[in-house]
Amino acid sequence: MPTISKDAGCQTVLTTFETTPGTCEDLLEALQDAYAAFISKQPGFIAAGLHVNDAQTRIANYSQWETRDDFKAMLRSPEMRERNRHINDLCKSFEPVMYEVAGVYP
């Protein structure tokens, strides 16, 4: 489970996928499979969560990694490059962005 804390010392990555109601479920299944079979087993992976909006036009992904380099190495792996080509075919766009936690409010 992701832990959101300014003192966590990890890399946070937020990715938004723009999709359509007709492909949302297929995209969600591809992302779930990527996490279960590959991403979650990569060095430095801590946790992730997937969120779908009510209209099924966007999927948001929150992931945490020990370091930026761990995340970048996963993205550059041959398996993830192949998976991302398939994911790209299922959505209009997606963009992973690295963030630092600036504040947490219970």
Side-chain angles (χ1 to χ4, degrees):
M1 174 184 285
T3 300
I4 303 172
S5 168
K6 284 182 72 172
D7 302 322
C10 61
Q11 180 63 62
T12 301
V13 181
L14 300 176
T15 307
T16 303
F17 301 84
E18 186 178 352
T19 189
T20 65
T23 58
C24 184
E25 192 63 33
D26 293 333
L27 176 57
L28 186 58
E29 287 175 7
L31 292 168
Q32 290 170 328
D33 182 65
Y35 271 104
F38 181 71
I39 299 172
S40 65
K41 296 169 176 46
Q42 297 310 295
F45 176 80
I46 297 171
L50 291 166
H51 308 264
V52 180
N53 72 337
D54 289 344
Q56 293 190 327
T57 56
R58 296 196 189 282
I59 295 176
N61 172 229
Y62 181 96
S63 65
Q64 292 179 322
W65 296 82
E66 289 179 15
T67 68
R68 294 173 80 91
D69 288 339
D70 291 332
F71 174 72
K72 288 162 61 174
M74 178 276 300
L75 280 183
R76 292 180 180 136
S77 69
E79 180 165 348
M80 199 62 217
R81 291 172 73 130
E82 183 177 328
R83 286 178 180 273
N84 275 339
R85 282 190 285 278
H86 176 63
I87 288 166
N88 189 57
D89 289 341
L90 295 172
C91 61
K92 295 177 184 177
S93 66
F94 72 97
E95 180 182 12
V97 180
M98 295 184 198
Y99 290 90
E100 299 295 327
V101 177
V104 177
Y105 308 94

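Since we're looking at a predicted model, the values are computed, not measured.
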Practice task
Kindly determine whether Leu27 and Ile59 satisfy side-chain contact (heavy atoms from CB on, under 4.5 Å), including the steps that lead there.
Solution key: CA-CA 9 Å; Leu27 176 57; Ile59 295 176; 3.8 Å; yes
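- Thr57 is not listed as a side-chain neighbour of Thr20, based on a closest heavy-atom distance of 4.5 Å or more.
- Checked against side chain to side chain contact (heavy atoms under 4.5 Å, CB included), Cys10 has the following partners two or more places apart in sequence or in another chain: Ala8, Ile46, Gln64.
- Atoms OG1 and CE, from Thr12 and Met98 in turn, are 10.5 Å apart once rounded to the nearest 0.5 Å.
- No side-chain N or O of Thr23 forms a donor-acceptor pair with one of Asp26 less than 3.5 Å apart.
- If you take CD on Gln56 and CD on Glu25, they are separated by 6.5 Å, rounding to the nearest 0.5 Å.
- Checked by atom type, the side-chain pair Ser63/Trp65 shows a donor-acceptor distance below 3.5 Å.
- Between Ala30 and His86 the shortest heavy-atom distance is CB-CD2, 4.0 Å.
- When all heavy atoms are compared, the tightest approach of Ile39 to Met74 is CG1-SD, 4.0 Å.
- Taken from CZ in Phe17 to SG in Cys91, the straight-line distance is 6.5 Å, to the nearest 0.5 Å.
- Among all heavy-atom pairs drawn from Gly49 and Asn61, the shortest one is O-ND2, 3.0 Å.
- The distance from the OH atom of Tyr35 to the CZ atom of Arg83 is 11.5 Å, given to the nearest 0.5 Å.
- With rounding to the nearest 0.5 Å, the separation of CZ in Arg58 from NE2 in His51 is 15.0 Å.
- Looking at Ser93 and Glu18, their side chains come closer than 4.5 Å, going by heavy atoms from C-beta outward.
- Inter-residue side-chain proximity for Ile4 and Tyr62 is flagged as met; some heavy-atom pair is nearer than 4.5 Å.
- Of all heavy-atom pairs between Cys24 and Val52, the closest is SG-CG1, 3.7 Å.
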Exercise for the section: Go through Ile87 and Asn84 one step at a time and tell me if the side-chain contact (heavy atoms from CB on, under 4.5 Å) criterion holds. Expected result: CA-CA 5 Å; Ile87 288 166; Asn84 275 339; 3.8 Å; yes
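- In this view, Pro96 and Val13, Thr15, Phe71, Phe94 satisfy the side chain to side chain contact (heavy atoms under 4.5 Å, CB included) rule, not counting sequence neighbours.
- Gln32 and Leu50 make their closest contact through CG-CD1, 3.8 Å (heavy atoms, listed as atom of the first residue, atom of the second, distance).
- A heavy-atom distance below 4.5 Å is not found between the side chains of Thr67 and Gln11.
- Annotation: side chain of Met80 is not in contact with side chain of Gln42 (no heavy-atom distance under 4.5 Å).
- When hydrophobic clusters are built by joining Ile, Leu, Val, Met, Phe, Trp and Tyr residues whose side-chain heavy atoms come closer than 4.5 Å, directly or via intermediates, Leu90 is grouped together with Leu75.
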